[in-house]
Amino acid sequence: MVVIMQEGATAEQVAQVVARVEEAGASAHVSSGERVTVIGVIGDREDLTALPLEAMPGVERVVAVLKPYKLVSREFHPADTVIDVRGKMIGGGRFALIAGPCSVETEEQVMESARAVKAAGGHMLRGGAFKPRTSPYAFQGLGEEGLKMLAAARDETGLPIVTEIMDPRDLDVVCRYTDVLQIGARNMQNFLLLAEVGRLDKPVLLKRGLSATIEEWLMAAEYVVKGGNEQVILCERGIRTFETATRNTLDLSAVAAAKLASHLPVVVDPSHATGRRDLVLPLSLAAVAAGADGLIVETHPNPAHALSDGPQSIPTAAFGEYAARVLELARWAGRSVA
Ligand code: PEP
Ligand code: MN
């Protein structure tokens, strides 16, 4: 349930509610907005309904949350969450274009991609050093060597890094370099990994699982936020359907639905959603129109020779034109793209 405090409720009144909730064996998560403080209460439903919280000083009302996710819900936190990634903001009307190669391959490839992203007005650099590949025989990524290449590209361009973490055992090394931890679609329900990143103070980009419902995706985000890390960016990257013309099916309803249900920013990955370079621009525009807070897109200096996902990668030479179209629409739609 959610306890909504009156405007002007004192810190002491908030503390009294928290103490009462904790006495009952439940946990309280306080969210202080500009005008109103909201307390998310998690615990046994029956015990909680018996608590006379509504009668306590400073309490405006108590609302039962029927959905299984609480901390990530709009009821708990009505205002959009805005995440600050080294000064680049995402959420609450601030739009972020994240781009780069699928995999980090060489220093030149990453640097060339980063320069193209920067020159095009992109906000962050993506690139995988630990790659989740369907085949164990496919390129698995460069590991720490790749992370160093990303860091060198950040040093030159100032673009924060987004890179995937697959295994909790790699957290130390990945955190040493990255600004945003990407949890891939295949790991969306790796609950141990979710709990681990939930303990950190680092933004997490959480991809929707290949066959996950919106509710399962939000429950995965709940794991991270429950651990204390509220900096979660949701990412819709296409889901499995019967359709074979595209690699996956981009679920644009999920973007609008997740934004209604949750305060977390939602970005779209049109590259993995379609698997086709020629569909990346139209679906990027559609994602912006549907309310996405950002895009994460693959670009490569030479897609024909990419070690992964070449067919869906925009050549860096064409990235400026792509970004101009996307950012123009984002501005027109009232997003800030600074
Ligand atoms: C990726 O971003 O390169 C990736 C592997 O994405 P996903 O987890 O969405 O398949
Ligand atoms: Mn990829």
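We number each residue from 1, following the sequence as shown. Worth saying up front: this structure is predicted, and the values here are computed from it rather than measured. Counting starts at 1 for both ligands and their atoms, in listed order.
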- Message: Rounded at 0.5 Å granularity, tell me how far CD1 in Ile4 sits from CD in Glu60.
- Response: 7.5 Å

- Working to the nearest 0.5 Å, report the span between CG of Leu307 and NE2 of His300. 6.5 Å

- Hey, what's the ring geometry for His263 with His77, parallel, tilted or perpendicular (30° and 60° as the breaks)? parallel

- Over 12 non-hydrogen atoms of neighbours within 6.0 angstrom of OH in Tyr223: no

- Item | Candidates Val288, Ile83, Ile90 - the one meeting side chain to side chain contact (heavy atoms under 4.5 Å, CB included) with Asp293 | Ile90

- Query: What protein atoms of element N, O or S are positioned under 2.8 Å from the Mn ion (ligand 2)?
  - Reply: Cys102 SG, His272 NE2, Glu298 OE2, Asp309 OD2

- More than 12 heavy atoms of other groups within 6.0 Å of Gln6 CD: yes

- Message: Any non-hydrogen side-chain atom of Tyr177 less than 4.5 Å from a side-chain atom of Glu144?
- Response: yes

- Message: For Arg240, is the CZ atom crowded, meaning more than 12 foreign heavy atoms sit under 6.0 Å from it?
- Response: no

- Note on the structure: Expected contact list for ligand 1 at under 4.0 angstrom, heavy-atom basis, is Cys102, Arg126, Lys131, Pro132, Glu164, Gln182, Gly184, Ala185, Arg186, Lys207, Arg237, His272, Glu298

- Say whether, by atom type as modelled, one donor and one acceptor occur between the side chain of Arg237 and the main chain of Leu210 under 3.5 angstrom. no

